[in-house]
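This report refers to the structure that appears directly beneath it.
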Amino acid sequence: MRPDALAQEVAKLLAPLIPEAAGLDVDAVAALLTPPPKPELGHFAFPCFRLAKALRSAPPKIAAELAAAIAALGDNPLIATATPAGPYLNLDLHAHEAARHLLAPWANGQRPAFPSSGPSSNQKVMIEYSQPNTHKGFHVGHMRNLCLGDCLVRLLRATGSEVVAANYLGDVGTHVAKCLWGLEALVSGDPPTQARGEWLGQVYSQAAIQLEDWDEAGKAGDEAAAAQYTAARERMSEILRGIEARDPAYHDLWMRTRQWSLDEFEQIYAWCGVEFDRVFYESEVDEPGLKLVDEFLAKGVFVESRGAVGIENPEIEHMPFFMLRKSDGTGLYATKDLALARMKFEEFGIDRSIYVVDARQSDHFKQVFLTLKKMGFDQAELCEHVGYEMVELPDGAMSSRKGNVILFRALREQLGASLEANYFHKFTDEWTREQIDTALHQVSLGAIKYGMLARDNNQKIVFDLAKWSDVQGGDGGATLQYVCARTASLLVKAQNRGMTLDGAVRSGERATQAGTLTEVAERGLMQALIALPGSIAQAAQSLRPSILCSQLYAVAKAYNRFQQECNVIHQDDPEVVQARLLLVQATREALSWGLSLVGIPAPDRM
RNA sequence: GCGCUCGUAGCUCAGUUGGAUAGAGCACAGGUUUCCUAAACCUGGGGCCGCAGGUUCGAAUCCUGCCGGGCGCACCA
């Protein structure tokens, strides 16, 4: 028995009562069952609209007839009452029996089964995400991509796909030259011994600003600035050529500094609990990209235009020419993307290829996929771009010129400090430093990941550090974690009083006593749990983690209400204790598992 | 100009195969601790779902047009 099987059980009873003309089998009926708007109305509602046409009857009439048919069944193990309410048939279950199908599997460590016929199951999927540039800063904006990609990896794995989590690091290109130029032109003294990746990013920003200033001043007539700008550009070309030619003077410096960034990324991923199966580097597809241009120019797929090489894609009307080699003979981002795609297809036999990249690149990926198709890669059909909107700050977009970029380390430290000052300081006498640090880490992750994932992909996110670390409750990661901690704490307290969940109840062999779990708050919580597997399936199928986040929040909210209204431990009736312990245990398992799919740890105490 | 995207409560947002009286959080006003974590719970006020048409038993949801914000459109990544 799986925790998502309750609807199926109900459908088994209901389906035979529906006239055959409607053409609904058990699965179809189960799929139609929805939660009623209020828990008091029942555990499930069956909408009769779909049957109206086939049965040539009005939905309210069908609902009434079905209610009568269920009443005629007489005593029934699962459905207590069936009440027609307009076009809906509301089904109220014997709660203790429903619990045996719903709560016991959760409590017993079972997980929902997802249909193997779904589009996303039994497939080998590559998800490319994160893709930071070396020699540049890693900031809150990068966190959205990281959280989203990681969550999709977890969701697709949970729903039956084999996933290759891939990263694609930007270790070559003009930004590297800018940074290395800045290093020699603007920096005096030795690099720091700590956090050198971050420092490199700051050098890059400084260089970018300086170059922009010279460029602007030059254009405004400042000849000295113009000369400096030209000289710097020439120097950057030299640096790039030196790296490419493997001139030790440049190549070694590049490798050394590149490693500083890579080390930093490693630390960030470790802190975030993110792991990659395969890391690609731009530097490894640079040359293959250019070779590929020659190859497909010779084949006539690509064409020359104004000294550059590209492909005509008139299908994309507003940007019909897709450039793949500049007139100076060098490649572009797009060139490397084609070579990378080919590498992915050849190295892994993937059935689906997902690119998590911000929404501004959507035209770019239309071009890439269309071009791949014209190059003869049928796998282009399997490629999809998952776009998402930007992360902004309360005072607008992040910019190094404005100096309002929040780098990863600052994010981690400020969030931690803020959470400690707001909340965790009260544990200083009670907990060890290590315990507090662990909790701070967990709750920081909850705040960041939930904040990044609870909003739809195509909504902008405003990152306001003060708000994100102000855990006054409400709709946030900490609320979900708090509920996990409350369930854990309650179960420990129960155990200390000698109250443990009966093994037979937990396994579902035995139902709890009739009449238990009928309080409104108990029903509400059960309904939130009923809806969880569907939310996971929908989130995975549509690649939108926010759907899962809102259902997890609904579970947390329902639990808080339950714990407020239904005392678990201070009960005279041991059967009530059993029923409620089952509910708490199931909630804990469901919620912590759901959180794990979002990449958020579930603390035992907080 | 072309394309993508957003527009729902004072603010931030859910609402996706069209379905019950459009929901949360924050903010605001009130209430709840001899009792399992008050980071909680309850109650209340608050809405021409951007505008106008259309499709039908039924539209925040689908179609068309318009208005307003954001983003993208050849040698950057």
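When reading the values below, keep in mind they use all heavy atoms of this one structure, side chains included, and skip hydrogens, waters and symmetry mates. Each chain gets a letter, A, B and so on, in the order the sequences are listed, and its residues count up from 1.
When the side-chain hydrogen bond (donor to acceptor under 3.5 Å, both in side chains) test is applied to A/Q367, the partners found at least two apart in sequence or on another chain are A/N313. Residues forming a side-chain contact (heavy atoms from CB on, under 4.5 Å) with A/F49 (at least two apart in sequence, or on another chain): A/P47, A/P59, A/P87, A/Y88. Under the rule for a ring pair (Phe, Tyr, Trp, His ring centres under 6.0 Å), A/F46 has no partner lying at least two apart in sequence or in another chain. Considering only residues two or more places apart in sequence or on other chains, A/D25 meets the side-chain hydrogen bond (donor to acceptor under 3.5 Å, both in side chains) condition with none of them. For A/Q551, there are no side-chain hydrogen bond (donor to acceptor under 3.5 Å, both in side chains) partners two or more places apart in sequence or in a different chain. Listed by chain and residue number, nothing satisfies the side-chain hydrogen bond (donor to acceptor under 3.5 Å, both in side chains) test with A/E389 (two or more places apart in sequence, or in another chain).
The stretch residues 360-369 of chain A comes close to RNA chain B through A/R360, A/Q361, A/D363, each having a heavy atom under 4.0 Å from the strand.
Note on A/T174: only backbone sugar-phosphate atoms sit closer than 4.0 angstrom, heavy atoms only; bases stay farther off. No contact: A/D464 has no heavy atom under 4.0 Å from any strand.
Counting only residues at least two apart or on different chains, the ring pair (Phe, Tyr, Trp, His ring centres under 6.0 Å) pairs with a member in residues 530-571 of chain A are A/Y559-A/F562.
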Can you tabulate the close N/O pairs, meaning under 3.5 Å, that link protein atoms to atoms of nucleotides 41-43 of chain B?
{"residue": "B/C41", "atom": "O4'", "partner": "A/Q564", "partner atom": "OE1", "Å": "3.3"}

Report all interatomic pairs (protein N or O, nucleotide N or O of nucleotides 6-15 of chain B) with separations under 3.5 Å.
{"residue": "B/C6", "atom": "OP1", "partner": "A/N458", "partner atom": "ND2", "Å": "3.1"}
{"residue": "B/U12", "atom": "O2'", "partner": "A/R455", "partner atom": "NH2", "Å": "3.4"}
{"residue": "B/C13", "atom": "OP1", "partner": "A/K460", "partner atom": "O", "Å": "3.4"}
{"residue": "B/A14", "atom": "OP1", "partner": "A/D456", "partner atom": "N", "Å": "3.2"}
{"residue": "B/A14", "atom": "OP2", "partner": "A/Q459", "partner atom": "NE2", "Å": "3.3"}
{"residue": "B/G15", "atom": "OP1", "partner": "A/R544", "partner atom": "NH2", "Å": "2.8"}

Please list, one pair per line, the donor and acceptor atoms closer than 3.5 Å that link side chains of residues 444-455 of chain A to other protein atoms, with sequence neighbours excluded.
{"residue": "A/S444", "atom": "OG", "partner": "A/L440", "partner atom": "O", "Å": "2.6"}
{"residue": "A/K449", "atom": "NZ", "partner": "A/C272", "partner atom": "O", "Å": "2.7"}
{"residue": "A/K449", "atom": "NZ", "partner": "A/G599", "partner atom": "O", "Å": "3.0"}
{"residue": "A/Y450", "atom": "OH", "partner": "A/D475", "partner atom": "OD1", "Å": "2.6"}
{"residue": "A/Y450", "atom": "OH", "partner": "A/C549", "partner atom": "O", "Å": "3.4"}

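Among the duplex regions that RNA chain B forms, those built from at least three successive Watson-Crick or G-U pairs under 3.5 Å are B:1-7 with B:67-73, B:10-13 with B:23-26, B:28-32 with B:40-44, B:50-54 with B:62-66, ordered by first number.
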